[in-house]
Visitor: 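Have a look at this one.
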Number of protein chains: 2
Amino acid sequence: MRIAKSKRRTSYHHGDLAAALTSAALKLIARHGVEGFSIREAATLVGVSPSAAYRHFADKAGLLAAVAKQGFARLALEAQDAMSAARKRHRSAAAKAVAAFEAQGLAYVNFAVNNPEQFQAMFGRYGASSQQPVHNVCSTDQSPYELLKRVLDELMFTKVVTPAARKDAELLAWSTMHGLANIMLSHSFMNHDNVNVDQVTLGIVRRLLHGLRLD
Amino acid sequence: MRIAKSKRRTSYHHGDLAAALTSAALKLIARHGVEGFSIREAATLVGVSPSAAYRHFADKAGLLAAVAKQGFARLALEAQDAMSAARKRHRSAAAKAVAAFEAQGLAYVNFAVNNPEQFQAMFGRYGASSQQPVHNVCSTDQSPYELLKRVLDELMFTKVVTPAARKDAELLAWSTMHGLANIMLSHSFMNHDNVNVDQVTLGIVRRLLHGLRLD
DNA sequence: CAGATATGTTGACGTTGTTCACATCTGTTT
DNA sequence: AAACAGATGTGAACAACGTCAACATATCTG
């Protein structure tokens, strides 16, 4: 793993090393993958000695957790944008809810496909989330699971369902979306070279929606 | 990472180092996780010098791929056993198909929950499957995706559906099962301490089955 | 201005993946 | 049986890694 050239800086102190390191980490993760990432390379890229990183992060996992955190924030933002845009295209509350649900699924899968390595840092076993509880790495209002729960509520607000059935519906929807996202970027058991991600995703989301009818 | 004591052996040659190494790797992966696994520790555990491993595997990823391969074989076996047992409990072909589908889902999720690290080696980005095409690591008749396709065929053999709809159904089912398995072992966005894995899984599988109606 | 605190550097330790030259065993050919 | 070739294991080495302790320097607070 060749180490890239270092930037120079004039002052002894960096200014915002923590942010610079997470952003460098994001770049490097995108390049060599999460497992190929090294704290030393990130430090060198930022133009700082490797041990400087330890003033801002407990260890390698800590840095990766910061990358994951950033990812959750961005995903929540993108999903919410997509949802509110989708809602604007319809009049009735029911149609709005359906459109929002579809938009959320599309946003989720697209995020995974377009940022596979960050997605891996967010959900993978290596970097974050699974060694530590998710709350350390993702606030409640950015949790994709919470987001999905909310749009599901919107979708079923008229129906009267038992709490258990609601919980089942949540888990089913979350499983399907999470599974689809993982499959889309795993390059396993699929040849999605000639595949339109949006189209396939929308197909699955609609079928899921259809299956979610709680009757 | 402390290295365990080594076994002794009498002869210069080992006999079946490849198998011994994969089995040691499986043990160690179960202990420290995939990312904490080292080829040196496996070699030491088997009682052999680290470089000996390179006579049997190209590199670390190669060894992990072997572990993954073993996992696919075992999963296929368990799933098929569970399916044929389930089929025996019913008379009509339709009921058999439904029972087999349920059994397959249960087997899949249970395998993931009971062998989380091997599951990770099979599907994770680190060890295998994603750097190399799956065929290197899992033969067609052991592919969980193929298995699921077959049981889906059985399930829908009466219905006439377009190939596109069938493909959609396959992807939906595969996404849901794979997603559920991942969620079950991610300890994220769920507190499944007081959770009966079989019961929850069966609930999801039945709901999926319900959503799969191709009308 | 002075001390305290935050931040960055240097150098080191132990571990890792991997390779190369060498040793030893096994099987085949003469 | 002797000689050889191929397969398999060893030992020492290399560069890179995560992490830490001792030290240096900048910034903040009084």
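Sequence lines set the chain letters: A, B, ... in the order given, protein chains first and strands last, and positions in each chain run from 1. The structure presented is a predicted model; accordingly, all values stated were derived computationally and were not measured.
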Visitor: Using whole Å, report how far CG of B:L63 lies from P of C:dT16.
Guide: 14 Å
Visitor: To the nearest Å, give me how far apart CZ (A:F57) and P (D:dG18) are.
Guide: 14 Å
Visitor: Separation of B:R55 atom CZ from C:dT19 atom P, in whole Å?
Guide: 11 Å
Visitor: Tell me the closest heavy-atom pair linking A:Y54 and A:I39, and the distance in Å.
Guide: OH-CD1, 3.9 Å
Visitor: B:Q118 and B:I29: which non-hydrogen atoms are nearest, and at how many Å?
Guide: N-CG2, 4.4 Å
Visitor: Which nucleotide wins on minimum distance to the side chain of B:S49, given the candidates C:dT19, C:dT16, D:dT10?
Guide: D:dT10
Visitor: Checking contacts here: which listed nucleotide (C:dT18, D:dG18, C:dT9) is nearest the side-chain heavy atoms of A:R40?
Guide: D:dG18
Visitor: What is the distance, to the nearest angstrom, from the CG atom on B:D16 to the C1' atom on D:dA7?
Guide: 14 Å
Visitor: So if I take every side-chain heavy atom of B:Y54 and compare against C:dG17, C:dG8, D:dT10, which nucleotide ends up nearest?
Guide: C:dG17
Visitor: Could you state the atom-to-atom distance from CG of A:L28 to C1' of D:dG18 in whole Å?
Guide: 16 Å
Visitor: Could you give the CD1-to-P distance, from A:I39 to D:dT19, as a whole number of Å?
Guide: 6 Å
Visitor: B:V195 and B:V200: which non-hydrogen atoms are nearest, and at how many Å?
Guide: CG2-CG2, 4.0 Å
Visitor: Side chain of B:K60, heavy atoms from C-beta onward: which of C:dC22, C:dT18, D:dG18 has the nearest atom to it?
Guide: C:dT18
Visitor: Looking only at heavy atoms, which two atoms of A:L63 and A:L21 are closest? And how far apart?
Guide: CD2-O, 4.0 Å
Visitor: Between D:dG18, D:dG9, C:dT9, which nucleotide has the shortest distance from any of its atoms to the side chain of B:V48?
Guide: D:dG9
Visitor: Tell me: CG of B:L64 to C1' of C:dT16, nearest whole Å?
Guide: 14 Å
Visitor: What is the distance from CD of A:E35 to P of D:dC17, rounded to the nearest Å?
Guide: 14 Å
Visitor: For the side chain of B:D59, counting heavy atoms from C-beta on, which of D:dG9, D:dA22, C:dT18 is nearest?
Guide: C:dT18
Visitor: I'd like to know if B:R87 pairs up with B:E154 as an ion pair, taking the criterion as any Lys NZ or Arg NE/NH1/NH2 lying under 4.0 Å from an Asp or Glu carboxylate oxygen.
Guide: yes
Visitor: Is any side-chain N or O of B:H56 closer than 4.0 Å to OP1 or OP2 of D:dG9?
Guide: yes
Visitor: For a quick check, tell me whether the side chain of A:S51 and the base of C:dT10 share a donor-acceptor pair closer than 3.5 Å.
Guide: yes
